[in-house]
Amino acid sequence: MASSIAYASNLALLRGKNHHNDDAAVSASSPNALFAAPRNFVRLSNNHRIRRCSRSVGVPRAAAEVVNDPIAEKEEQAVKKRRVLRVGIVCGGPSAERGISLNSARSVLDNIQGEDFRVSCYYIDYNLNAYAISSAQVYSNTPADFDFKLESLAQGFQSLSEFAEHLTTSVDIVFPVIHGRYGEDGGIQELLEEYNIPFVGTGSNECRQAFDKYDASLELSKQGFITVPNFLVQGNEGNESELSKWFSRNQLDPYSGKVVVKPARAGSSIGVKVAYGVLDSLTKADEIISEGIDDKVLIEIFLEGGSEFTAIVLDVGSGLDCHPVVLLPTEVELQFHGSVDITEKDAIFNYRRKYLPTQQVQVAYHTPPRFPIDVIETIREGASLLFQRLGLRDFARIDGWFLPNSVHMSSSSESKFGRTELGNIIFTDINLISGMEQTSFLFQQSSKVGFSHSNILQTIIYRACLRFPNLASFSSGSSHLPRRSKSAQISKAFSINESTRKVFVIFGGDTSERQVSLMSGTNVWLNLQAFDDLEVTPCLLAPTSEFVSGVDSNNKESDVSSRTVWSLPYSLVLRHTTEEVIAACMEAIEPARAAVTSQLRNKVIDNLMEGLTKHNWFTGFDIADEPPRRFSLDQWIKLAKEVQATVFIAVHGGIGEDGTLQSLLEAERVPYTGPGVISSKTCMDKVATSLALNHLATLGVHTINKDVWRKEDLIKMPILGMWHDLTSKLQCETLCIKPARDGCSTGVARLCCAKDLEVYVKALDDCLLRIPSNSLSKAHGMIEMPNPPPDQLIFEPFIETDEIIVSSKSMNENGHHLMWKGHSRWVEITVGVIGKRGSMHSLSPSITVKETGDILSLEEKFQGGTGINLTPPPLSIISKEALERCKEYIELIANTLQLEGFSRIDAFVNVDSGEVLIIEVNTVPGMTPSTVLIHQALSEQPPVFPHQFFRMLLDLASERST
């Protein structure tokens, strides 16, 4: 390779093509037998002290995280001298929520590592096969490629019995994070009970009853709670006559009455549908049964006019004594934007809306709810009572509805619990293993009352230990201390302290990528908090009140400087959309709302302390109750200069990626992550990027021909003539259209005919926020459109690559393999580059496998549980030699564009020669927990874990070239 990296005192390069050692020997069963061996990479200096760094993986072939670290060795010796709690995280499972389970496992692993815990990771696949996996594997894969690599990366067990026997000697307690089937239906719990293995959470019998929505409804009614009227369809026993009578009893029109049809035994709103009338209801029920989701289906009345809520219940009792405390509940509000069809208007809070927010249908969360205080207290009382009466343990999430008196509820006795003067409270769903993603309800609600991520998870684990006499000593003798929250005290973050280094993580912005930016910024913020020498403050760049794309460039800088930046307290970061963060900020500074929140928060804390003060392992809360602070961007940058902060830029697109923010920071000499002004400006403009690289064609780097059009001209021109001109000029049959100055799949589409062009141009003219799935002639997923529409668009020849298919997505019991014909010899890759200007280092590329259509969606790139990236590329597709040449070309591109810090390059690569055809360069790439940059860093030897990776990027910013 032509270049190397010297990271001064903070980072050391450990790379070399022929470097091997005894610990890294390649065996036939190792991942390197199937995948190209990555070059050695970088590690943190010993000077960086990491909290929660007692990372250990109880599986064979797990790569070491820290090499030759004397501090780590001392810690290891200290661990050996005392007994630490061995926790086994079990994730995966057979349900459609497997991807969410992986995200939960990552989050738990991130936050329970420390001196008191030794963590091992395990995975259950779709067919209930069990595997011991490395922590690197937990981080590095979405379900499809995760399953594909299992045989080479993990230790498989012959049976669940063998798996359980392994657990009896390898862990002290199991923390199941399997959502849905086998995780919440009592399956994994029954196995653990059979082998007397302690575990976190509710027992198997209680899980079975609570997980089955029909059985749970019967039990809730028996226990005196109001329930939603329902009708059971089991197998092929749908009875039209009986269902008609049920419609009549509940005053529903038999032809148009609106109902919800849902599986009785599937979690997280999987398979939930809205139906109209008797026949449609039975049809939807048959669909659920025929799709194999469940053979037991519930038909319920559609609750309209009310508000949905969810509440986390935490047991703070001792031993077998239950003392449930309900945290501050969250109100769930569906918000609709733009043109939304009738099916969206009838939306329910389903799986997609929980985990994959879009521009059109967003979910806003209000913690606490905007209900009267008496109603909130009744919700808390009812959820606590339900937790006790159903025999739940440790923690759970309980969902329900508040229906004002104006909403009619028939057939319920007046004596039922939940009737108040203001309306009815109905509990509808019980989640035994609540989602534990970074911004999940568990962390939203617990942070609101003073728990950090690590504090609440450790509290749950220690509480579970108290039920098992042989584990009681861990709780009584624990040194569990809530870690110092670096974002808890905003005022402290804004003062100079020589013992800590200030970091401002900024995210948000205007573009269609702002939600991904929020995910990236949240992930960076949480990971950097692992370091004792950093004081990390999350900051949101608010969108402008009006779009700036039409603003005169001479006035743009002054307008940008006056934009709003919010400095956020811990709990307000944990949201799914930037709009929701801003709304939460406004709520937090509104006096009446703040007073109500404070009153409720203090009451919950008092309730918690009644139980927690009895446990010597609990030493206090670690999140302060503070309001957000509002600045202009200019004020915020001056503040960063004053406190000597480094700015970690996680604003995708717009001013975060076009050089504007970088220019403002440079003017005040504030260090920041990523490339400089000129490089950012060049890479944001796809045409300028091509022009900057055109001269490299003879060296193996190629660019794609482009034709740039103004939006106004596209709208005015006759479609047929324009199509003919474009295909003639670009000498192609199909086109790729994309915004000239936007990124990450926003507005990118394949056009196969003039009719496709007409559909796309109309979407631009109508300012649509999306083009629905399969609106064009070739099948495709939903296309998110830039908002506002771009001024300029680029047409390119659509590059035909060889389709790569991963067989069956973990449902093929004959194994998982690649199907690839290799006719064109070109495949699509994405690759991260990292380093100093002029000496950028290429990570191992990821080969992109699309799940739907021809263009990767935003969801497939960044959001948990979707998209397939093969990292590193399989040797069956690209040889080691071609891969090395590809990396050389990638580094040549990075150095030619004067990149520094880190960036992501998307390209096509020839699998024989390694030559690349550049697509685009992202100077602020996605940094979400499931992004390929994380996968690529983890594929290095030794693996570079997320907190290390983000620290490296931060250190590069402080050492950036001038």
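By convention here, the first residue in the shown sequence is residue 1.
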query = Between Thr428 and Asp399, does any side-chain donor sit less than 3.5 Å from a side-chain acceptor?
reply =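 No, no side-chain donor-acceptor contact under 3.5 Å.
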request  = Establish, from distance only, whether the side-chain atoms of Ser104 and Glu437 form a donor-acceptor pair under 3.5 Å.
outcome  =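 Ser104 vs Glu437: no donor-acceptor pair found between side chains.
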Run the ring pair (Phe, Tyr, Trp, His ring centres under 6.0 Å) test against [X] and tell me which residues pass, sequence neighbours left out.
X	answer
Phe387	none
Phe163	Tyr122, Phe157
His323	none
Phe211	none

If the condition is side-chain contact (heavy atoms from CB on, under 4.5 Å), which residues does [X] pass it with, not counting sequence neighbours?
X	value
Glu242	Phe231, Asn239, Lys245
Ala383	Val313, Val326, Ile398, Phe427
Thr378	Phe417, Thr420, Ile425

What residues, two or more places apart in sequence or in another chain, satisfy salt bridge (Lys or Arg N to Asp or Glu O under 4.0 Å) together with [X]?
X	answer
Asp253	none
Lys603	Glu377
Glu206	none

ask   = For residues 274-283, which residue pairs qualify under salt bridge (charged side-chain N to carboxylate O under 4.0 Å, His left out), counting only residues two or more places apart or in two chains?
value =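 Passing the test, one end in residues 274-283: Asp280-Lys284.
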query = If you look only at pairs with a residue in residues 214-232, which of them pass as a salt bridge (charged side-chain N to carboxylate O under 4.0 Å, His left out), with sequence neighbours excluded?
reply =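 Found Asp215-Lys296.
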Salt bridge flag under 4.0 Å for residues [X] and [Y]:
X	Y	result
Glu190	Arg208	yes
Lys213	Glu300	no
Arg467	Asp394	yes
Arg370	Glu333	yes

request  = Give a yes or no on whether the ring-centroid distance for Tyr462 and His615 is below 6.0 angstrom.
outcome  =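 Aromatic pair excluded; centres sit 6.0 Å or further apart.
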message = Is the distance from the ring center of Phe621 to that of Phe451 below 6.0 Å?
response =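 They qualify: ring centres under 6.0 Å apart.
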query = So does Tyr195 have more than 12 non-hydrogen atoms from other groups sitting under 6.0 Å from OH?
reply =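 Yes.
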